[in-house]
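Right, one structure below, let's go through it.
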Amino acid sequence: MHETYDPVAVEAAAQRHWDSAGTFRALEDPGREKYYCLSMFPYPSGRLHMGHVRNYTIGDVISRFMRMQGRNVLQPMGWDAFGLPAENAAMANGVPPARWTYENIATMKRQLQALGFGLDWSREVTTCRPEYYRWNQWLFLRMLEKGIAYQKTGTVNWDPVDQTVLANEQVIDGRGWRTGALIEKREIPMYYLGITAYAEELLGALDGLEGWPERVRTMQANWIGKSEGVTIAFPYRLGEEARTLKVFTTRADTLFGVTFVAVAAEHPLAAHAAALDPALAAFVEECKRGSVMEADLATLDKRGMATGLSVTHPLTGAAVPVWVGNYVLMGYGEGAVMGVPGHDERDFAFARKYGLPIRQVIDVGGQPYSGERWQSWYAEYGRCVGSGRYDGLDHAAAVAAIAADLEARGLGARQVQWRLRDWGISRQRYWGCPIPLIHCTGCGIVPVPDQDLPVVLPEDLVPDGSGNPLAKLQSFVACRCPRCGAAARRETDTMDTFVDSSWYFLRYACPGNDAAMVDARANYWLPADQYIGGIEHAILHLLYSRFWTRVMRDLGLVGVSEPFQNLLTQGMVRNAIYFRKPATGRVAYFNPADVEVLTDAKGQVTGARLKADGQPVESGGIGTMSKSKNNGVDPQAFIDRYGADTARLFMMFAAPPDLSLDWSDEAAEGASRFLKRLWRAVHAHVTAGPTPALDPAALSATDRALRRLAHQTLAKVTDDYGRRRTFNTAIAAVMELLNAITRHDASTPVARAVVHEALEFAVLGLSPVVPHITHALWHALGHPRAVIDEPWPAADPAALVQEAVELVVQVNGKVRSRIQVAVDAGEDAVRAAALADPTVQRFVGAQTVRKVIVVPGKLVSVVAH
RNA sequence: GCGCGCGUGGCGAAACUGGUAGACGCAGCGGACUUAAAAUCCGCAGCCGCAAGGCAUGGGGGUUCGAGUCCCUCCGCGCGCACCA
C-alpha cells in the first residue's frame, strides 16, 4: 500500500477492475429481486455540468448500496439527443446538428466513465438514432388508429421576418431573438395526443404514488386541475344565423352578476366586428402580437375593447356586451370567458378600468359591499342576492338550480373541466423525430405504412434560422402516396422532444430488439424502483411519461401503469453571481472563479473584485448555475485536480439531495482532505503489523465504546442510504467514526482488532459514495474480494448495548440540568432522580411542582408554579 | 399573475415521530511540528455578559409542560407555467 493517496492511479485501477469483471452488466434473472435505478438522461449539450454530476452520483450511491444489499441492479444511461440547442449550435458554427450531437455524446460519455458510475453501457439509448425513434413513429401511428392522436389548430409564436416559428425561449420581450421583430401569434394545424382522456386516471393514481414527494404529487394534481362547473351558452345572431357563445365557469352561482363577456382576438365574433370598425381591427391586430406563454399572459396588463356586439343572457334575456380581451386565448376552452366583476378580482379590475357595471350577487354574512374597492371576501362562497328566484341559495344549491334551468332551455350543462390540455407534439423544426405522415392531394393525410418505418431524418442538413430545412429538401419531401401511388408530400414537422423522453426507460430494458418497441424484459425491470432527476421536471416530463406508459399498457405492450415507483427530486446546483452593469449596454456576468471575494477579520464578506483588473464587481446573490449568468463550474477541471471520488464526496456531503446545493471551492477542498485522512488512517493501521481476531469479551471500556460507535455508525449509515436517502448525514457519521478511530489508543492487540473492524465499517460505509478509494482500501485491509462484491453487513445488537444514559431535565420548559440513569430505570425512579437533583431544586425553589413529564431515554420536564 | 417548495451561526448544514438547537464540515482564531512555508496534528468558537444568566431557527401572532418542527399572517428566495431540456 502506498503511503499517500494518489487518486489518478487508484481510480484507474478500480475502473479497470469493474470493466474487466463486467461488474455492472445487468442480466434478467427471475430468481433474483431486481432493482431498477434510473436517472434522468442528459441532453448532450457538450460537457457534463455539476447538475449531472450530482444527479448521477445520487443514482450511483443508491445503485451500489442496493447491489451490496443483494439486489439485481440495473443502472442504465442514454442521451436525450434531439432538440433546439443542436440547431442553435449549427447556426452558430455551420456544423450539422447530428455531428455536433454525436461529438458531444462522445465527450460526455468519457466524462461519465471517468466519474466511475456503475452503468450498464450495453443498454445505452440515443434518441436521435433511427433504431430508437422509429418506435416513436410506430406508436404515434397506433395512437392515430385509436384516435388518441388527432389534428387541430394550435397557437405558435411567429417571427414575420425569418418566416419561422419560434420556441418560447426564443421570444424576448415579445420580439424574435435573432430578428428583433415583433412576434405574432399564429394558428396552424398541429398533431395532438389526447392526454385529457387519461386525466381522471392520472389524477386518481397520484394517491398510490407513495414513493413520490408530496409536493410533486400536489403540483401534478393542480396541473391536471379537475374542476366541476357549468358550460353556459349565450345566444346571439350573426346576420341571419342564430349562434351561441359558450363559456365555462365554476361559479354559475354568479351568473346574474355577468356584465360583459370577453372573447379572444382570434374569435369569429371579434373578426366580424373588426371588419366594420378600424379602431377595433387595430386592437385585434395588437392582441395578436406578443408571446403565447402563460406567464406573460398572466402578468399582462389586462386590456380590452368593446365590439359593439352583444349576446343574450341565457336566464334574464338581457343584452350582455361583448368585449375583445387581450388576456383571452383562442386555444383554451371556447376562446371566451364571462365577466363577473362583482366576484372575480381580475374582472373587477377590468370593469373599473373600462367603466363596466359591477353587480353584487353573492352575500357573505351581510358584510357591506362596495364597488369602489375590491375585498377578498367578494370571491368567497355565500348566498345569492339580486339573482331573482335563486336568492338565498348557497353555492352548491345555486349552481345545481341554475345548471338545471339552463339545461332545460338547452343553454348549458354541468361539465367536468380539466386545466390539463391535450399535448401538442408538432414542432416546425428539423432536429427531431419526423412525424410519419404523407399529404396526398387525393387521399388527404395518409399514415406511412409500418413496413416503411422508420422515416429517417437526414443527418447532414444545417438549419439557417429561416424555417425548417427539411421543407426545402426535395429528396425528403417528395414521395408517393402509399394509398393511391400519386406524387405526394411528406410531413416535415417533427415531434416534441418530450416524446423521446416519455419511454426511454422502457427501451433500456430491451436492448438490441429491432423487431419490437419493447418485449417481456420490460416487465421484469419495470417499474423503475427509483427515479432521480431535477425538480424542474416535476410536472411535464413526469406527467407525459405516466401518460405514455398507460397508452402502451392499453396497447398491450407493457404490464405497468406507473413507470416510476419512487421519485427523488434533486435540488439545483447553484453558485454565486457577479456582474457589472455599465451605464449603457448589456450587463456583463463574471465567473466566480475569476472573482476574488473580500472579507473582514471575522470572515464576513465585504465585497468582491475581478482578479483580472482588481476593480469591484457587484454581487447578484446565488443562483442556479447557468450559461446566461456565467456562474457554472466545469466538473472536468475539478476532477482533473482532485479526482472523481472527491467530486462525488463533496456533492453528497454538501447538502441533502432534494435541497439546492451551493458550490464552494473551499468545502470541496475539505472533501479532498477527508479522503487523504481516511487513506492515512488505513495506511497507519496496516503498516503497524498484523491484527488478531476480535474477541468481544476481552475489550476495555474505551474499546467497547469505539466498537459501539462503529456499530451505531453502520446502523445509521444503512438507514441513511436505504430509508432516508440523506447521504450527507451518512458521510458525517463516518467522519465522526474516523475521528474516534484516529483518537483511539491502539497500542494493544485487542484495541487493534477493534480499530480494524471500525475501519472496515468506515470503508464499507463510504464505498457507495467514493467507490474507487474504498476499492483500494478494502484490499489494503486484507480482503481479496472487491468491496463492491461484499454483502452489506448488519450491526451487531450486542455491540450496541449501553449501560447508562444521560437525560436532560427541564424546569418550566428550560434545560436546567442533566442526570445519569440506568438504561432500564423505571419512570418513578427517573422522576425521583430528577427532583432530587440540586440544580433542579434550586430552580424549583419555593414553587409547587404541578406536573412531571418523563420522556424515556430523552428528558424529564418539571412544571412548577 | 397563478401553482408548489424553501428560509437555522461568518458559510454549507444537523436536529428522522412536538422533547438537549447548531452534530459533521468550510472559513476563522490559538498552539505543536518545521530554518521557513505547505501539509499534518491538538485546542477554541452562536450572540450578549466577568459570572450567574439572558437572547437566539426570516418578521409578527397562536396551540402546547415543551415549537426549527403544528396552525394563521407577512416578507424574502427558488422551481414550474405547456415550443429550453
Side-chain angles (χ1 to χ4, degrees), chain A residues 40 42-43 45 80 83-85 88 154 156-157 165-171 213-216 218-223 225 292-300 346 419-421 423-429 496-498 501 534-541 543-544 569 571-572 574 599-605 621-624 653-656 658-671 673-674 676-677 680 719-720 723-724 726 728-729 731-736 739 742 806-815 818 850-853 855 858-864:
Chain A
M40 289 184 186
Y43 179 79
S45 54
D80 189 11
L84 206 49
N88 295 338
V156 294
N157 302 304
V165 175
L166 296 185
N168 284 336
E169 71 161 9
Q170 296 174 317
V171 179
E214 191 61 47
R215 68 161 153 156
V216 175
T218 308
M219 278 192 266
Q220 291 223 347
N222 289 337
W223 183 263
V292 300
M293 284 174 73
E294 186 174 304
D296 288 345
L297 242 45
T299 50
L300 204 63
R346 285 170 308 167
R419 210 189 76 90
L420 180 68
R421 306 193 299 264
W423 175 13
I425 58 156
S426 295
R427 298 288 180 269
Q428 296 68 44
R429 263 181 258 300
D496 181 3
T497 55
F498 274 125
S501 55
I535 182 67
E536 68 273 21
H537 295 291
I539 297 177
L540 289 180
H541 161 62
L543 192 61
Y544 291 147
T569 51
M572 301 280 141
R574 314 192 304 168
T599 55
D600 64 14
K602 279 191 159 183
Q604 295 240 49
V605 174
I622 292 180
T624 306
F653 181 62
D658 56 328
L659 252 57
S660 59
L661 182 151
D662 298 340
W663 183 259
S664 156
D665 287 319
E666 296 85 1
E669 182 84 41
R673 226 164 15 226
F674 172 70
K676 287 181 198 156
R677 234 157 72 70
R680 270 200 308 276
D719 189 47
D720 284 351
R723 178 183 63 90
R724 294 217 304 153
T726 54
N728 55 328
T729 53
I731 294 163
V734 177
M735 285 175 170
E736 283 184 78
N739 287 342
T742 50
E806 187 183 72
L807 298 189
V808 156
V809 187
Q810 296 184 339
V811 179
N812 290 333
K814 288 190 188 296
V815 177
R818 284 146 211 277
R850 304 276 178 195
K851 205 171 173 186
V852 179
I853 297 148
V855 183
K858 295 265 183 184
L859 58 61
V860 182
S861 182
V862 179
V863 186

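Please read these numbers as outputs of a predicted model, since none were measured by experiment. Letters A, B, ... are given to chains in the order of the sequence lines, protein chains preceding strands, and every chain is numbered from 1.
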Under 4.0 angstrom between [X] side-chain N/O and [N] OP1 or OP2:
X        : N     : result
A:Asn728 : B:A13 : no
A:Asn739 : B:G25 : yes
A:Arg215 : B:C79 : no
A:Arg680 : B:C41 : yes
A:Thr497 : B:A85 : yes
A:Arg673 : B:C26 : yes
A:Arg419 : B:G80 : no
A:Thr624 : B:C79 : yes

Rounded [atom1] spacing from [N] to [M] in Å:
N     : M     : atom1 : result
B:G60 : B:A15 : C1'   : 25 Å
B:A21 : B:C55 : C1'   : 13 Å
B:G22 : B:A13 : C1'   : 9 Å

Rounded distance (Å) that lies between atom [atom2] of [N] and atom [atom1] of [X]:
X        : N     : atom1 : atom2 : answer
A:Tyr544 : B:A82 : OH    : P     : 9 Å
A:Glu169 : B:C84 : CD    : C1'   : 4 Å
A:Leu543 : B:C4  : CG    : P     : 16 Å
A:Asn812 : B:U20 : CG    : P     : 17 Å

Closest nucleotide among B:C79, B:A23, B:A82 to the A:Trp223 side chain
B:A82

Between B:A14, B:A27, B:A85, which one does the side chain of A:Pro656 approach most closely?
B:A14

Just wondering, more than 12 heavy atoms not from A:Arg346 lying within 6.0 Å of its CZ?
no

To the nearest 0.5 Å, how far apart are CG in A:Asn222 and CZ in A:Arg215?
13.5 Å

Separation between CD1 (A:Ile535) and CE (A:Met572), nearest 0.5 Å, reads 7.5 Å

If pairs are Watson-Crick or G-U with both distances under 3.5 Å, what is the dot-bracket string of RNA chain B, marking crossing pairs with [ ] and pairs to another strand with |?
(((((((..(((......[....))).(((((.......))))).(((....)))..(((((..]....))))))))))))....

Does A:Ala167 reach a base, just sugar-phosphate, or nothing at all? Heavy atoms under 4.0 Å.
base

